[in-house]
Asker: 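The structure is given below, and queries will be raised subsequently.
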Amino acid sequence: MEMKEDIFILGIESSCDETAAAVVKNGREVLSNVIYSQIGLHKLYGGVVPEIASRKHIEKINQVIEGALADAQMTLQDITAVGVTYGPGLVGALLVGVSSAKAISFATGLPLIGVHHIEGHISANYIENKELEPPFMCLVVSGGHTHLVVVRDYGQYEIIGQTRDDAAGEAFDKVARAIGLGYPGGPEIDRLSREGNCEAIHFPRAKVEESVYDFSFSGLKSSVLNYLNICEMKGEEINRADIAASFQKAVIDVLVGHALEAVEKYGFSKFAIAGGVASNSSLRSAFEKECRERDITFYHPSPALCTDNAAMIGTAAYYEYKKGIRSGLDLNAIPNLKLGERQ
Ligand code: KG4
Ligand code: ZN
């Protein structure tokens with residue numbers, strides 16, 4: 001009998017404010033997952049400062065990679081290939097991960113695989129749901145992206161809807177800031193919403209006229225800002241928990257509405273969510289309920305695999321590796337890389 005050789009991918013991620021490395025076995029088994037979060041550093045400024053992010057990545061990347069290998073009880077000699085996020089993201093931040101991966105590949109001769117960050121987020125679903133295989137529909141909601149994606153096959157994506165302005169996570173962060181919560185705003189609003197009434201204030205649920213699956217969140221954000229201004233002018237005290245809960249409900253209603261309409265229209269029986277906002281507790285329970293009622297199987301990564309990490313990059317790289325995809329040492333960071341496009 002032919003022995004199937006195990007494939008070990010070293011995944012590297014540095015597209016925003018997390019320096020991360022992981023070792024993933026055969027695409028679905030995470031042997032190590034090290035994340036150095038810079039959030040504490042950027043909190044002071046109320047958002048990610050690109051220059052500070054790049055510098056911190058440089059400082060931490062080797063330590064994080066060594067940590068991931070050590071936790072997996074491996075050396076580079078045990079690794080099959082190196083996968084790295086090369087876009088989209090902050091160019092200076094991306095370059096740190098890409099340069100490190102290229103250096104490792106050059107020094108060891110290991111194959112190099114450039115990974116799309118969003119493909120990573122989607123692939124996070126494979127880690128804890130061993131039975132999940134394409135095709136399925138996936139809603140990607142992060143700080144920079146709001147995409148409704150048909151996952152036709154591994155590495156084959158069709159974007160059927162996206163945001164026209166702010167990403168869902170961006171809206172969370174901006175509204176949080178406006179009501180005096182810290183960065184990142186998503187988890188803060190998630191927490192505060194539990195103490196508020198989501199029916200207290202009616203905020204708009206925007207529709208994009210000509211394309212039913214597209215999203216728009218800037219109107220909602222403005223509406224919250226207007227509400228705050230009016231309260232201030234009238235000298236009325238605001239209830240932050242009610243605002244957080246009502247805003248969150250408006251975002252969730254739109255995400256759930258659009259996504260499930262698409263799932264039904266396309267006739268999928270499997271639906272997944274991904275990205276930082278996918279760790280939102282109310283969003284998860286709303287999808288759980290709606291999917292159950294429609295007999296749709298609902299998938300989501302656990303919260304630690306929703307936000308940026310390198311295990312998801314290792315998983316995505318595994319499927320690219322299996323298809324024979326390899327990047328050259330001329331791999332570059334591409335800040336606005338499109339999903340499904342390769343350099
Ligand atoms: O995927 P991610 O870690 O980075 C990007 O690729 O953008 O997503 C970060 C975003 C931030 O906007 C953050 O506020 C949001 O995800 N987020 C949340 C929650 N946790 C993180 N939004 C809502 N509820 C949460 N629990
Ligand atoms: Zn991300």
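The shown structure was predicted, so the numbers you read here are calculated from the model rather than taken from an experiment. Both counts, for ligands and for their atoms, begin at 1 and track the order of listing.
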Asker: Hey, is ligand 1 close enough to N280 that some N/O pair sits below 3.5 Å?
Answerer: yes
Asker: Contact between ligand 1 and E18 is defined here as a heavy atom of the residue under 4.0 Å from a ligand atom; is it met?
Answerer: no
Asker: Please report whether the ring centroid of F287 lies less than 6.0 Å from that of F271.
Answerer: yes
Asker: Cation-pi check for Y321 against R326: NZ or CZ below 6.0 Å from the six-membered ring centre and within 45 degrees of the axis, yes or no?
Answerer: yes
Asker: If the contact criterion is a heavy-atom separation under 4.0 Å, does S279 count as touching ligand 1?
Answerer: yes
Asker: Pull up every protein N/O/S atom sitting under 2.8 Å from the Zn ion (ligand 2), skipping waters.
Answerer: H117 NE2, H121 NE2, D308 OD1
Asker: With a cutoff of 4.0 Å, is Q248 in contact with ligand 1, counting heavy atoms of the residue only?
Answerer: no
Asker: Checking E158 now: which residues fulfil salt bridge (Lys or Arg N to Asp or Glu O under 4.0 Å) with it, not counting sequence neighbours?
Answerer: R152
Asker: Taking both backbone and side-chain atoms of S281, is any N or O found less than 3.5 Å from an N or O belonging to ligand 1?
Answerer: no
Asker: Numbering the atoms of ligand 1 from 1, which are under 4.0 Å from a heavy atom of P184?
Answerer: 14 (O)
Asker: Show me which atoms of ligand 1 lie under 4.0 Å from any heavy atom of G276.
Answerer: 1 (O), 2 (P), 8 (O), 16 (O), 17 (N), 18 (C), 19 (C), 20 (N), 21 (C)
Asker: Between R284 and E288 (salt bridge meaning N to carboxylate O under 4.0 Å), is one present in this structure?
Answerer: no
Asker: Answer yes when E59 and R55 have at least one side-chain N-carboxylate O distance shorter than 4.0 Å, and no when they do not.
Answerer: no
Asker: Between D173 and R177, is there a side-chain N and carboxylate O pair less than 4.0 Å apart?
Answerer: no
Asker: List ligand 1 atoms under 4.0 Å from T307, heavy atoms only on the residue side.
Answerer: 3 (O)
Asker: Out of G186, G143, A124, indicate the one that has the non-hydrogen atom closest to atom 25 (C) of ligand 1.
Answerer: G186
